[in-house]
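Each chain gets a letter, A, B and so on, in the order its sequence line appears, and its residues count up from 1.
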Amino acid sequence: MRTVLHLDGTVYTVEYTQNGQEYQCVVNGQPLTVRLLGVRNNALILHIEGRPVRAYLVHDGSRVLVAVEGQVYEMTPQERQVRTREGDVGRFDPEVRSPMPGKILAVLVTAGAEVDIGQPLLLLEAMKMENTLTAGSAARIRKIHVSPGDLVDLGQLLIELDVVTPTAA
Amino acid sequence: MFKKILIANRGEIAIRVARTCRELGIRTVAVYSDADESSPHLDAADEAVRIGPPQAAASYLHTEALLDAARRTGAEAIHPGYGFLSENPTFAQLVRDAGLTFIGPSPESLAAVGNKVFARQTVAKLGVPVVPAVEQPSSDPTVLREQVRALGYPLLIKAAAGGGGKGMRIVHHERELAEALAAAEREATAAFAEGTVYLERYLERPRHIEVQILGDTHGSLIHLGERECSIQRRYQKIVEETPSPAVSAQLREAITAAALKVAKAAGYYNAGTVEFILDSQGHFYFLEVNARLQVEHPITEWVTGLDLVREQIRIAWGERLGVRQDDVQNRGHAIECRLYAEDPAHGFFPSPGKILLWHAPSGPGVRVDAGVETHSDVPVYYDPLMAKISTWGQEREQARRRMANALRQCVVLGPTSNLSFLIDLIEHPAFIAAETHTGFLSEHFSHWQRRGQPHTLTAVLAAALHSTLRDQRATPSPHAQRSTPWQTLGGWRIGS
């Protein structure tokens with residue numbers, strides 16, 4: 001059997017054969033003997049090369065979330081990965097909306113300006129903290145709908161963006 | 001004793017207050033906004049009353065709705081928790097006017113300690129040190145030089161109207177002063193339309209030390225020792241401990257005496273905290289009074305063995321303090337970590353949402369005050385604190401190791417949390433060595449990133465084997481007689 005998982009930009013291919021509780025696994029070329037002793041309270045109880053470990057796991061849409069010893073791993077199985085690619089990833093979103101209710105502290109861009117991916121657009125005070133909203137992709141600012149001091153609701157339109165078409169040199 | 005108390009709060013603190021009330025045989029009323037309809041703090045109480053829409057201003061800050069809920073349910077007292085209306089003198093007065101008891105200090109004390117002018121001037125008159133400052137720097141260089149002599153260098157220029165670092169300058173030498181003043185005034189004018197600045201002694205690597213106080217309405221006032229809360233992000237504490245490794249017996253005597261002096265001057269009763277800043281030479285300066293139960297009160301409960309909420313309720317009922325200063329014997333060491341739904345790798349950006357899986361740690365010397373559970377929500381409308389984990393040890397290192405183990409046992413899947421950040425913090429050599437100060441996170445953790453490595457393989461194997469289990473669910477199991485993993489899968493798929 002074979003499962004392909006994506007985790008933080010790395011692809012993990014897990015191939016394995018099963019004999020009762022015991023699985024002979026090969027993860028990206030590395031052979032491992034794993035025993036699956038049980039599933040309790042959303043946790044898989046595993047012995048990996050004889051070492052006992054508990055991994056908590058939930059599915060959330062296309063994601064698989066796993067917690068081990070306080071570390072959280074977010075994975076996407078291969079077939080779902082492809083579906084996601086065709087869906088949202090890389091699609092240009094022309095609207096910046098408020099992720100939470102709060103108060104606009106500062107507007108860091110002006111209409112007409114070009115911004116890069118990750119560039120700070122607004123400072124939003126929410127949940128007792130100052131939060132920076134950044135550009136999800138390179139864009140040109142078409143219209144700014146808020147000014148400093150404005151109270152905004154969850155999902156309220158803050159900024160409209162235009163796609164930046166590469167200019168001919 | 002009170003027969004019924006309304007808890008004007010939500011989350012872990014509402015649950016924590018309800019627990020003590022239940023112990024005391026007092027019935028409780030929870031209040032909730034529409035965003036909290038199914039939150040765990042509701043069934044911790046005996047009754048629950050809706051007070052309004054999700055926005056705090058229309059619910060947990062809505063005094064009329066709260067007073068109305070108290071009236072309708074026949075509650076005799078209101079416990080405000082922390083945050084929201086807990087330090088609001090107007091609310092305390094309205095509660096009193098409604099013939100109810102506010103479980104906290106008097107409206108007069110709340111007003112007195114909430115006033116910043118009281119803070120600096122009244123406190124200084126008591127002989128309690130405040131950070132030395134020149135409140136009105138002269139434009140005449142000769143006079144200015146004279147004014148600054150008492151402060152010494154380095155000094156800090158701050159905007160009077162200010163905040164957020166705007167108009168702030170550190171000056172190391174006299175020759176830099178004039179230019180820095182001009183620049184700070186320009187910056188302050190641009191940011192706040194108000195250029196007034198003042199000078200303050202710059203404290204290098206200071207620690208945040210606070211003293212827990214407890215007073216009754218008969219004039220008795222005691223302290224329960226200090227807490228150190230130096231580890232902060234965006235001026236909010238995330239790790240606290242008691243006792244402070246930086247406070248000697250002699251310093252403790254001086255700082256607790258100062259705290260009691262401030263509280264006495266404000267006619268303070270009930271539980272409160274007097275906050276100080278401690279410089280690297282061991283000098284302390286008054287900051288402010290927090291006139292409420294603090295988030296970090298569990299660590300004081302660990303070392304004193306007292307239940308602070310029980311004391312608050314007894315005091316509000318008019319009883320005398322059950323403990324004298326000499327009875328307070330702090331034992332061992334306690335540490336608290338605040339578990340937030342936020343992303344430490346991206347500026348501690350809040351990460352509200354549904355909790356898909358929650359598992360609280362346990363063990364000797366481990367206490368969890370949680371406001372969440374599996375399938376509960378972290379609403380976007382309020383502070384994203386999910387739980388407080390506190391540990392006790394006979395000495396600091398035992399408490400620290402217990403904390404490290406407790407954090408590793410804790411599971412929170414769904415919202416991004418600061419759990420792995422807290423683990424790295426608790427295990428950091430500078431924290432182990434107790435070299436903490438208010439700039440600790442910017443010094444050691446400003447470029448922190450989640451490091452997955454130690455358990456990546458385990459996580460990948462778990463996800464892979466689990467997908468097999470899901471696929472095999474439909475096919476008959478070869479071990480049908482025995483209890484096998486995939487027979488137990490039925491109830492635990494999320495969102496299916």
Side-chain angles (χ1 to χ4, degrees), chain A residues 1-5 7-8 10 12 14-16 18 20-21 23 25 27-28 30 32 34 36-46 48 51 53 55-61 64-73 75 77 99-102 105 126-132 134 153-154, chain B residues 54-55 83 164 234 236 342 347-350 352 354 356-357 359 374 380-384 407-414 416-417 419-420 422-423 450-452 454-471 478-479 483-486 488-489 492-496:
Chain A
M1 281 171 281
R2 187 166 177 276
T3 304
V4 180
L5 297 157
L7 167 64
D8 290 340
T10 307
Y12 292 88
V14 186
E15 290 168 294
Y16 50 100
Q18 182 192 350
Q21 288 187 329
Y23 295 74
C25 306
V27 184
N28 287 3
Q30 183 184 353
L32 292 157
V34 180
L36 174 55
L37 298 176
V39 182
R40 291 196 290 268
N41 299 327
N42 278 56
L44 279 81
I45 322 294
L46 304 170
I48 300 173
R51 191 176 54 83
V53 61
Y56 291 86
L57 185 150
V58 291
H59 287 261
D60 177 35
V64 183
L65 300 173
V66 181
V68 185
E69 299 262 304
Q71 306 290 333
V72 174
Y73 302 84
M75 281 168 271
M100 54 197 82
L105 293 179
M127 297 176 96
K128 288 170 72 184
M129 296 201 286
E130 194 175 294
N131 307 290
T132 310
T134 55
D153 268 333
L154 171 67
Chain B
Q55 293 75 10
R234 308 181 188 208
Q236 278 191 319
E342 65 181 20
F348 301 97
F349 201 91
K354 186 165 282 297
L356 302 173
L357 186 63
H359 176 80
T374 298
V380 294
Y381 301 95
Y382 319 112
D383 186 85
L407 292 172
R408 287 198 177 89
Q409 273 181 48
C410 188
V411 177
V412 47
L413 290 178
T416 301
S417 86
L419 182 62
S420 60
L422 289 170
I423 293 172
R450 213 169 295 282
R451 42 171 191 94
H455 308 293
T456 307
L457 214 50
T458 304
V460 166
L461 284 167
L465 298 191
H466 182 253
S467 71
T468 318
L469 297 182
R470 278 159 65 98
D471 294 345
H479 309 285
S483 171
T484 63
W486 41 95
T488 65
L489 283 174
W492 65 287
R493 278 177 67 185
I494 308 294
S496 59

Closest heavy-atom contact between [X] and [Y]?
X: B:Ser467; Y: A:Tyr16; result: OG-OH, 4.5 Å
X: A:Val66; Y: B:Ala462; result: CG1-CB, 4.4 Å
X: B:Thr458; Y: A:Leu46; result: O-CD1, 4.4 Å
X: A:Met75; Y: B:Ala459; result: CE-O, 3.5 Å
X: A:Leu57; Y: B:Ala463; result: CD1-CA, 3.9 Å
X: A:Gly70; Y: B:Ile423; result: CA-CD1, 3.9 Å

Against chain B, label [X] side chain, backbone, both or neither, depending on which of its atoms sit under 4.5 Å from a heavy atom there.
X: A:Asp153; result: side chain
X: A:Val53; result: side chain
X: A:Leu32; result: side chain
X: A:Arg51; result: side chain

| Side-chain touch A:Glu69/B:Leu407, heavy atoms, less than 4.5 angstrom | no
Side chains of A:Val14 and B:Val460, heavy atoms from C-beta outward: is any pair under 4.5 Å? yes
Value for CG (B:Leu356) from CG (A:Asp60), rounded to nearest 0.5 Å, stands at 5.0 Å
Residue set satisfying ring pair (Phe, Tyr, Trp, His ring centres under 6.0 Å) with B:Phe348, at least two apart, ordered chain then number -> B:Phe421
From the list B:Leu419, B:Thr456, B:Leu457, the residue making the most non-hydrogen contacts under 4.5 Å with chain A is B:Thr456
Answer key: most heavy-atom pairs under 4.5 Å with chain A among B:Leu413, B:Val412, B:Val411 is B:Leu413
Tested for side chain to side chain contact (heavy atoms under 4.5 Å, CB included) against B:Leu357, the lone hit among A:Asn41, A:Leu65, A:Val58 is A:Val58
Most contact-rich option vs chain B, by heavy-atom pairs under 4.5 angstrom, among A:Thr134, A:Thr132, A:Leu7, is A:Thr132
Checked A:Val34, A:Thr3, A:Leu105 vs chain B; the most non-hydrogen pairs under 4.5 Å come from A:Thr3
**Prompt:** Can any side-chain N or O of A:Tyr56 pair as donor or acceptor with the backbone N or O of B:Cys410 at less than 3.5 Å?
**Reply:** no
Sequence neighbours excluded, the answer for side chain to side chain contact (heavy atoms under 4.5 Å, CB included) partners of B:Ser420 is A:Gln71, B:Trp448, B:Arg450
*asked:* Test side chain to side chain contact (heavy atoms under 4.5 Å, CB included) on A:Leu44 and B:His466; report intermediate values, then the result.
replied: CA-CA 8 Å; A:Leu44 279 81; B:His466 182 253; 4.2 Å; yes
